[in-house]
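Just below is one structure, and these are the notes that go with it.
Any value given below was found using the heavy atoms of this structure, including those in side chains, with hydrogens, waters and symmetry copies removed.
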Number of protein chains: 4
Amino acid sequence: MNVQFTDKIDNIFKSTLHLIKDNGFHGTPMSQIAKHADVAIGTIYHYFPSKDELILALFEYCRKELYAHIFQHVNQEMDYKEQFYSVFKSFCTFHIHQREYSCFFEQFYNSPYNEIIRQKEFLEGPYGQNTFMKFILRGIQENHFKPLDEKIICSAYIGAAISYAKTVVYGKIDFSEKELTDLIDIIWTGIKNND
Amino acid sequence: MNVQFTDKIDNIFKSTLHLIKDNGFHGTPMSQIAKHADVAIGTIYHYFPSKDELILALFEYCRKELYAHIFQHVNQEMDYKEQFYSVFKSFCTFHIHQREYSCFFEQFYNSPYNEIIRQKEFLEGPYGQNTFMKFILRGIQENHFKPLDEKIICSAYIGAAISYAKTVVYGKIDFSEKELTDLIDIIWTGIKNND
Amino acid sequence: MNVQFTDKIDNIFKSTLHLIKDNGFHGTPMSQIAKHADVAIGTIYHYFPSKDELILALFEYCRKELYAHIFQHVNQEMDYKEQFYSVFKSFCTFHIHQREYSCFFEQFYNSPYNEIIRQKEFLEGPYGQNTFMKFILRGIQENHFKPLDEKIICSAYIGAAISYAKTVVYGKIDFSEKELTDLIDIIWTGIKNND
Amino acid sequence: MNVQFTDKIDNIFKSTLHLIKDNGFHGTPMSQIAKHADVAIGTIYHYFPSKDELILALFEYCRKELYAHIFQHVNQEMDYKEQFYSVFKSFCTFHIHQREYSCFFEQFYNSPYNEIIRQKEFLEGPYGQNTFMKFILRGIQENHFKPLDEKIICSAYIGAAISYAKTVVYGKIDFSEKELTDLIDIIWTGIKNND
DNA sequence: AATGAATGAGGTTTCATTCAT
DNA sequence: CATGAATGAAACCTCATTCAT
């Protein structure tokens, strides 16, 4: 389906995100989405052939929003390390403040849907749409890191960011610019090329 | 009920883990669990008042298994850094090889169930049962780390480990002792006290 | 939902009454109602959120039918005593011939559901919808009775009517216009004002 | 089964009555009865072959209690009218104060179980165990009443009593010796022989 | 006599999906 | 395009009953 961004579709997406945040993936029936989005249930089926397809389309939508967000402060005048820090911080703040998106991501990645996306990406070749991975690869090419596999770098980087965001969201610690910097320092110190 | 580990309960737990791994949380009906565990559906309800309670009890069971696993190679003759590395590696291998457990954890933590556990732990006070957190606190007391909040250290440590395990499991990289060591090196380098 | 009397809802009501008469309240599963009313089980749940709500809505429906029936022969040209007798006879014949209604009423009043209705009426104030009670109150105002509490009059009137109807229905006696008149005579003689 | 009144059986009966009062007939599972009576569920099945048989046995037990109660103040020195009033009052107070019994009776009579009892009584001939009915028949033989069928008299008498008891129990009126006398006056006035 | 773990048929309810308007 | 009444497979759960101890 070629998603035209009508208001209705936008409402459906927003409502779905909102309800999934509160009630979880399978606690959100189509009927409830329809009611919350103020459209008829048939209307959802007019745009999306099934609930699965709705979820998948929503995932693509959310991923685009995420990428737009994490690179928003990056510009050509920053050196790589500055960009590396900026992206990390944006990544964290996105997951902390855009809870509807991050809840959706978390549930999505840990569900059978994820398998579908993985197979799709496998066909598209490595890192097709994945702007973030390309950013890491550039760091490798420009020799900013120790000789580490890009996926190891990602593990440390994304793992730490998500783990931190969860810690803040669950109220175990308050958000603090200083601690966020501590954390990205840990990663940068651990992977940066000391040559 | 005071959960005595009868064979039946054990079967129910094992079957639930197995089915959740393949079909996801809500793709695993009670009827299927009963069939796979070779008990009547009423038997499950004899021990657990609802599916939710089964999931919650299973979580406690899995957490105990995890803690038993990650400290299995730790002994008093190792220094703290060795223990730190041992626990990390055990944590990773657990999540890589005990897929039934790790799939369950991932789904659990990213679901409304998690909220229930969090509220329970909130009442029990900080780190009640959490052997791992106590291990990190010991590292702080023994001055092995930079002055960082224990939760920041955890974010980096656990985040990286889980992220690595996922990368291996999803076939993006093969498991390699060397890369695992690279990763824990990143964390250790990032947090260790250089005094 | 604002109950519009669609054919489907009417079918559901009629089928429920019919089945409850034969099989009792809890011997009438929703599946059977659906089959008998020739609708899908989901259709019932489309109109009524639960079996309990169906029962409650059915009660309101039946009560309206009852009131319509017992006043059907009453008109302005009859004096109060004639109306009193007419209502009593209609009340008896309704309970004798409309067995589906009276079986439902009996089960309803002697079940936990009754408590729900009672609390609802308590909020609505005295005799809100109760056309029959208003008829008795008129008799008091017009001085037809001894100085008795209206509820005592009701106890005698309704108690006798229902008890008679049961006696007929259970075959212990045949319906007879004469005996019915004997019975209402007992009540009228007992309560009428002899001034 | 020859019911020996062991403590256990008594507990089972009492618990069943208590639970039926609060939760209704079908809201009282055997498991709950067992728990409340502090016996094993198997023990109930040791004494009663099924839930139905338990209910039926309980009915016989309750009926005996009722008859014992309503004639408790009757003695040979009272004339018939006095006995008639005494039984009526006892009948009312039983239904008002022994709520567990009366709730059970009401549910029982308005359920498919009643049919079983009716067929049993049909075989035993008219009024086999029915001490109350025999009391009314005596009134007829002794010429205290107008020429009315005994069942009509019963309708008026029992109907009024139960209806009054319900009115009190449901809090619509407070119990009052005077109003109770008013009510039995209505009945007596209505049926007594004026010759 | 007494126990209670175990059973599974059958109940209530949910919800993705269809289709006539 | 948009609607929402209608569907029914399949989910969760209950509970009367059995039987080995």
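- Rounded to a whole Å, the CZ atom of B:F25 is 16 Å from the C1' atom of F:dA11.
- Put simply, NZ on A:K35 is 11 Å from P on F:dA5, counting in whole angstrom units.
- Using a 4.0 Å cut-off between charged nitrogen and carboxylate oxygen, D:K120 and D:E115 do not count as a salt-bridge pair.
- Computed from coordinates, the A:L19 CG to E:dC15 P distance equals 12 Å when rounded to whole Å.
- Between the CG atom of A:D52 and the C1' atom of E:dC15 there is a distance of 13 Å, given to the nearest Å.
- The side-chain contact (heavy atoms from CB on, under 4.5 Å) test with A:I41 is passed by exactly one of A:H46, A:M30, A:K35: A:M30.
- Checking F:dT17, F:dG4, E:dT12 against the side-chain heavy atoms of C:H46 singles out F:dG4 as nearest.
- In this structure a side-chain-to-backbone donor-acceptor pair under 3.5 Å is missing from A:T43 to A:V39.
- The side chain of B:Y47 has E:dA6 as its nearest neighbour among F:dA11, E:dA6, F:dC15.
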(message) Test side-chain contact (heavy atoms from CB on, under 4.5 Å) on D:Q32 and D:N23; report intermediate values, then the result.
(response) CA-CA 11 Å; D:Q32 215 177 114; D:N23 310 313; 3.3 Å; yes
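- The nearest whole Å value for the distance from the NE2 atom in A:H26 to the P atom in F:dA11 is 11 Å.
- Checked against ring pair (Phe, Tyr, Trp, His ring centres under 6.0 Å), A:Y45 has no partners two or more places apart in sequence or in another chain.
- For the atom pair CD1 of B:I117 and OG of B:S111, the computed distance is 9.5 Å after rounding to the nearest 0.5 Å.
- Residue C:M30 contributes atom CE, which lies 15 Å from atom P of F:dA6 at whole-angstrom precision.
- Taking atom NZ of residue C:K8 and atom P of nucleotide F:dG8, one finds them 10 Å apart after rounding to whole Å.
- Of the residues B:Y47, B:F48, B:F104, the one that meets the ring pair (Phe, Tyr, Trp, His ring centres under 6.0 Å) test with B:F13 is B:F48.
- Contact check of residues 36-45 of chain B against DNA chain E (heavy atom, cut-off under 4.0 Å) returns B:V39, B:A40, B:I41, B:G42, B:T43.
- Counting heavy atoms of neighbouring residues, nucleotides and ligands inside a 6.0 Å radius, atom CG of D:D52 exceeds 12 of them.
- Residues D:F59 and D:Y109 bring their aromatic ring centres within 6.0 Å.
- Rounded to whole Å, the distance from CD1 on B:I55 to P on F:dC13 is 11 Å.
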(message) Expected output check: what is the dot-bracket annotation of DNA chain F, where ( ) and [ ] are pairs inside the strand (brackets for crossing ones), | is paired with another strand, and pairs are Watson-Crick or G-U under 3.5 Å?
(response) .||||||||||||||||||||
